[in-house]
Amino acid sequence: MSALPASLKLSREDRPIAIAALFLVVILIAGTIYTWVRFGNAPLLSPNYLLLQLQIGAFLGIVAAGMMLVILISQIDLSAPWTLTAAAMMATAVGGFWAIPVALSVGLAVGIVNGLGVAYLRVPSMIFTLGVNAVMRGLMVAHTGGYAPQTEATPLMRSLAAERTFGIPNALFVWLAVSVAIVLLLRRAPLGRYIYAIGNKESAAYLAGVNTRLVTVICFALCGLTAGMAGVLLAGYSQKAYQGMGDAYLLPAIAAVVIGGTNILGGRGRYLGTLIGVILIVLLNSVLSIMDMPEAGRQAIYGSVIILMLLVYGRGERVTS
Amino acid sequence: MHSDLAIRVRQNFGFLTAVVLFCVVYLFYHLSHPKGFSSAVLIQNSNEVFTLALVAMAQTVPVLMGGLDLSVGALMTMVDCFASYLLSGAAGGTPLAMDFFGMQLSLGTLPGGVPGLLVGIVICLAIGTLGGLLNGVVVVYGRIQPIIATLATGAIYIGIALHLRPQPGGKIDEDLNWAITNSLGDFASTVHIFDDGAASWFAPVAWIPTPFVLLLLIALVVWVPFRRSVAGRTIYAVGSAEGAAYMSGLPIDRAKLIAFTLGGFLAACGGVFLAIQTSSGNADIPQAGAYTLNSIAAVVIGGTSLLGGSGSAIGSIFGALILRVISFTFRVFDIAPLLQPLFEGIILLGAVSISALRVLRIKNTLELFR
């Protein structure tokens, strides 16, 4: 390693991103070779197919963007699945113009409750957000009577999630907008500095004059907001809201953030990594489904890939003092 | 003497709250149940509690260390699926074969009858223990944060479970099911001990549910010795201050490996019981997730700190009991089933928010940030 020229040496933040990107290319090449040998074509390299995958990835990407903020302050939000579902169900239930504002407010409100519980009551986020998730699930079960809601997504939601402008899915524009906002927040706004500071040591940030409780509430609120946004898109994409629609997004979102090099203990990580982590997970899923891999194999490979990648660059320091 | 007691009470405040809460709710439950205080109700309750109690105990060990195990539910489910093959109790024995990428590997035959069942249980427990050891190896030698390492290994265990049981199915020996999921009297009459359970000295205890006795045994034979061992004490030390534990020369790596291995063993006990209780194996992903999340809730309600260093697996048993008794009580009062998840969530939130009282006592704001 020491023989490398200085320009090739990567910082602790960039190394995971580079390796994850490399792995992304490996998955693409391996998948293409497989389809070429087996079917004689290369769907993975067609722009249309890739855009379709990215469109599906946008939902995960938006959840992961909010999750990253929370992980950066060394907390976690386990309430994302039912925040997402609640937002989607409220949106379809209200309908009309107010569908999207209502859904986003639901997400924001749940996020603020999470933030207040964690920041002011000092309940560990792991358990508080778990409780909020259970409450949201209870509210939604009571609201729908346990059946699939009969309401449908509004045309605007469908257009945002499923239609295309200039041949590019609208969902990608939403994802892009969220990404730009998060990057500006983390790199340019004072709030971004506070977030990293709290993740490194909350007491130090407090002594430096940061209103750490307020920042914590804001991070959770934004995480709830992105979950609500993903709920709107997902309901638009599948035309309706349904029970358990968010369940498939929690662990992949956490995994995407961590694969992208964000320290699960907070304080370190770049948004670009989360972006690559999301694309990696989506692409891995799509290659596995092209290979006709049964669910059992998928889960096992999924787990092995996370461990493998973290063994390469996610190893912690030994605690010796 | 008095102050000593006061200190002990304060140190175990969470645990004692859980015990009192459980006693109050459970007494209330029995008083309002039409068949309250009967052996049948006790048996049913202990059957429904056992698996969660074991999974919660399994979760406690990594939590005491300041970590978290997101794979307990998956590991329990995997063992459940293995058990649905190994505990079928077929008279002629069960041939074991493995389809490894198209190659048929024969692994010998599991004998039939009681020896076969015992060997099957041992194999199941060994598989779960091995899974726990794998968690430990990834955490200790891979130096990956427990929460994310077990998220990944959990996916692998669920994958194996799905491979074994793409659809729910399998079979458990009926006698085994009967013996384990009923009262001690039924156990004795099934395995033909104590004059088939009719011995006069046996009568006063014959009504006790077998799962309850098993739970007590596991707590006394597995947890209590572990708590007093060097590894057990090291786990608490690591949870309080890992750096200090290292400087004191405690065997940190070994203790962590043992902690995760023990967690795997306890989860495996839960898995074997779930298979016996349901007479089948089911690689149910939502159920595995629910067990993992409920185990964390049970650990916290039982008075164990998520920051590590204080609490006990016994508390987690009470945490699991409280969670389950709440849903039992809903059944008695015939509350609309649709409202149950909401009440469960609110009670969980309320229970954990009690710890917020600590915040009011703090004089220096810096003490908040631990």
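By convention in this document, chain letters (A, B, ...) are assigned in the order of the sequence lines, proteins followed by strands, and residues within each chain are numbered from 1. What's counted below: heavy atoms across the whole structure, side chains too, no hydrogens, waters or symmetry copies. Values in this document were obtained by computation on a predicted structure and should not be read as measured data.
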Q: In Å, rounded to the nearest 0.5 Å, how long is the span from CD1 of I281(A) to CG of L251(A)?
A: 10.0 Å
Q: If I measure from the heavy atoms of chain B, does I264(A) come under 4.5 Å with its side chain, its backbone, both, or neither?
A: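 Just its side chain gets close to chain B.
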Q: Below 4.5 Å, heavy-atom pairs only: which of I306(A), V258(A), N263(A) has the largest tally toward chain B?
A: V258(A)
Q: Tell me, for I296(B) versus chain A, whether the close heavy atoms (under 4.5 Å) come from the side chain, the backbone, both or neither.
A: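 Contact with chain A involves both backbone and side-chain atoms of I296(B).
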Q: Under 4.5 Å from any heavy atom of chain B, what part of V132(A) do you find: side chain, backbone, both or neither?
A: both
Q: Would you say the side-chain atoms of S316(B) and T60(B) include a donor-acceptor pair closer than 3.5 Å?
A: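 Per modelled atom types, S316(B) and T60(B) side chains form a pair under 3.5 Å.
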Q: When you measure from the centre of the six-membered ring of F82(B), is the NZ or CZ of R165(B) closer than 6.0 Å and no more than 45° off the axis?
A: no
Q: Return the OG1 to CG distance between T216(A) and N211(A), rounded to the nearest 0.5 Å.
A: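 Reported value, rounded in 0.5 Å steps: 8.5 Å.
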Q: Quick one, V72(B) and D69(B) - any side-chain contact, counting heavy atoms below 4.5 Å?
A: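 Yes, their side chains come closer than 4.5 Å.
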Q: If you count heavy-atom pairs within less than 4.5 Å of chain B, which of A134(A), G131(A), P294(A) leads?
A: G131(A)
Q: For Y141(B), is it the side chain, the backbone, both, or neither that has a heavy atom closer than 4.5 Å to a heavy atom of chain A?
A: backbone
Q: With no hydrogens and no angle check, do the side chains of R38(A) and Y34(A) hold a donor and an acceptor under 3.5 Å apart?
A: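 R38(A) vs Y34(A): donor-acceptor pair found between side chains.
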Q: Salt bridge check: are R213(A) and E202(A) linked by an N-O gap of less than 4.0 Å?
A: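 So R213(A) does not pair with E202(A) through a salt bridge.
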Q: Measuring heavy-atom distances to chain A, does N294(B) have an atom under 4.5 Å in its side chain, in its backbone, in both, or in neither?
A: neither
Q: What part of I147(B) lies closer than 4.5 angstrom to a heavy atom of chain A: side chain, backbone, both or neither?
A: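 The answer is the side chain of I147(B).
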Q: Return the option, out of L78(A), L130(A), I254(A), with the maximum number of heavy-atom pairs under 4.5 Å with chain B.
A: L130(A)
Q: Chain A heavy atoms under 4.5 Å from L293(B): which part of the residue, side chain, backbone, both or neither?
A: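 Answer is both: backbone and side chain atoms of L293(B) are under 4.5 Å from chain A.
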Q: How far does CG of L284(A) sit from CE of M293(A), to the nearest 0.5 angstrom?
A: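 The distance works out to 9.5 Å.
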Q: Using non-hydrogen atoms and a 4.5 Å limit, figure out which bit of I301(A) sits close to chain B: side chain, backbone, both or neither.
A: neither
